[in-house]
Protein chains: 2
Amino acid sequence: MNKSTQCEASEMLKRAGISPSYQRIMVLSALLETDEHPSADTIYKKLGTNIPAISRATVYNTLNLLVDRGVIHSMRTAGSETRFDSVCEAHSHFFCRKCKRIFDVAQQSGEIETELDGHLVESQDLVYKGLCRECRGEMIK
Amino acid sequence: MNKSTQCEASEMLKRAGISPSYQRIMVLSALLETDEHPSADTIYKKLGTNIPAISRATVYNTLNLLVDRGVIHSMRTAGSETRFDSVCEAHSHFFCRKCKRIFDVAQQSGEIETELDGHLVESQDLVYKGLCRECRGEMIK
DNA sequence: CACTAGTATCAGAAATATTCTAAATCTTAT
DNA sequence: ATAAGATTTAGAATATTTCTGATACTAGTG
């Protein structure tokens, strides 16, 4: 665990008005250190090896709290689990309906809306669905 | 239940190479007749009053089959349930992180990609997240 | 019109992901 | 030191979805 990431996590928590407990810092740090889109359970398992260990409920509670406060984002594009994302910038995902993987793709549209029909837009996610390179190849076979 | 919707459902099934059984026609018709984005359970309950009733497993199997064959789309944007959508045209959704409702919004980007990094794009869904009109108002209060 | 093979459906059990609960622990202010 | 409040915990409970194995339907064949 990177010390400066933990420091950053603590700052982010304070800025969001959340008291920076040991567990919360651990959860947010784990999310900041990866560019995959981990599930709550993945984070729980990653932190499970730590002493002291963190309870599953705390991982879920913390992630939900962070989403509520707009510190992180959640994705339910694919599979059965909710996946979390600490990247603030708008970015796109490609979801393969066959193998269920998520691929990051460069943001196409330059337009970033800030308001729509009176709704306050905090983030936008362009999700493409279809068949990925590999599954597409297999279909032709 | 509209007879012509059932006829349309039957045609759609045949076109996708799926044999148009009574249960499958019922499930797809139910989806075609609504512009909400119902969950499997919502469809199950709607059809539950029919004679003969349809099993929950069949509703799930049918919806999954239709998604696999690209006949309908599934959304996991919000809440805990998978929601289904029979509309083929690309369209956008706004998801409120507070009240968890989904609002339909007009498609912003005119660009529709058909291929990205070698992946075959069959549909795209632009999901905006933030605070809806109402929840935004409550926050200010 | 049987018979068979393959497909579809069923009810309920099981698996999976998430939330709830009530007790224990930690923090903070007095 | 103490009380009040917030946080964490383990495990139970709930919710959603998939699996299972039995049954029923369908189409093709003799």
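Below, chain A is the first sequence line, B the second, and so on; all start at residue 1. We use all heavy atoms of the structure for the numbers below, so side chains are in, but hydrogens, waters and symmetry mates are not.
In this structure, A:E81 atom CD and D:dT18 atom C1' are separated by 15 Å, rounded to whole Å. The interatomic distance linking B:D41 (CG) with D:dA15 (P) rounds to 11 Å, in whole Å. Rounded to an integer number of Å, the gap from A:I25 CD1 to D:dT8 C1' is 15 Å. For the pair B:R24 CZ and C:dC10 P, the interatomic distance rounds to 11 Å; values are reported in whole Å. Across the protein-nucleic acid pair, B:M26 atom CE and C:dC10 atom C1' stand 17 Å apart, rounded to whole Å. A:I54 places its CD1 atom 15 Å from the C1' atom of C:dT25, with the value rounded to the nearest Å. For the pair B:L28 CG and C:dA8 P, the interatomic distance rounds to 15 Å; values are reported in whole Å. Computed from coordinates, the B:Y22 OH to D:dC25 P distance equals 13 Å when rounded to whole Å.
Put simply, B:I54 and B:M12 are part of the same group of oily side chains (I, L, V, M, F, W, Y) that touch within less than 4.5 Å, one to the next.
A close approach under 4.0 Å does occur between a side-chain nitrogen or oxygen of B:Y60 and OP1 or OP2 of D:dT17. Contact check, A:S55 against D:dT8: no side-chain N or O comes under 4.0 Å of OP1 or OP2. Between D:dT18 and B:R56, no contact under 4.0 Å exists linking OP1 or OP2 to a side-chain N or O. Between B:S21 and C:dA8 there is no side-chain N or O to OP1 or OP2 distance below 4.0 Å. In this model, the phosphate group of C:dT7 is not approached by any side-chain N or O of B:S19 to a distance below 4.0 Å at OP1 or OP2. Contact between the side-chain N/O atoms of B:Q23 and the OP1/OP2 oxygens of D:dC25 is not found at any separation under 4.0 Å. For C:dT9, neither phosphate oxygen OP1 nor OP2 lies less than 4.0 angstrom from any side-chain nitrogen or oxygen of B:N61.
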Which is it for A:C135 and B:H119 under the side-chain contact (heavy atoms from CB on, under 4.5 Å) test, yes or no, and what are the steps along the way?
-> CA-CA 9 Å; A:C135 291; B:H119 309 309; over 6 Å; no
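Contact annotation for A:N64: backbone-only contact, meaning every heavy-atom pair under 4.0 Å involves sugar-phosphate atoms and none involves a base. A:S39 comes within 4.0 angstrom of nothing in the nucleic acid, heavy atoms only.
The aromatic rings of B:H37 and B:H93 sit perpendicular to each other, their planes meeting at more than 60°, with 30° as the lower class boundary.
Within the 4.5 Å cutoff, the side chain of B:Q23 has no heavy atoms near those of the B:V27 side chain.
Between the side chain of A:S10 and the main chain of A:Q6, no donor-acceptor pair closer than 3.5 Å is present.
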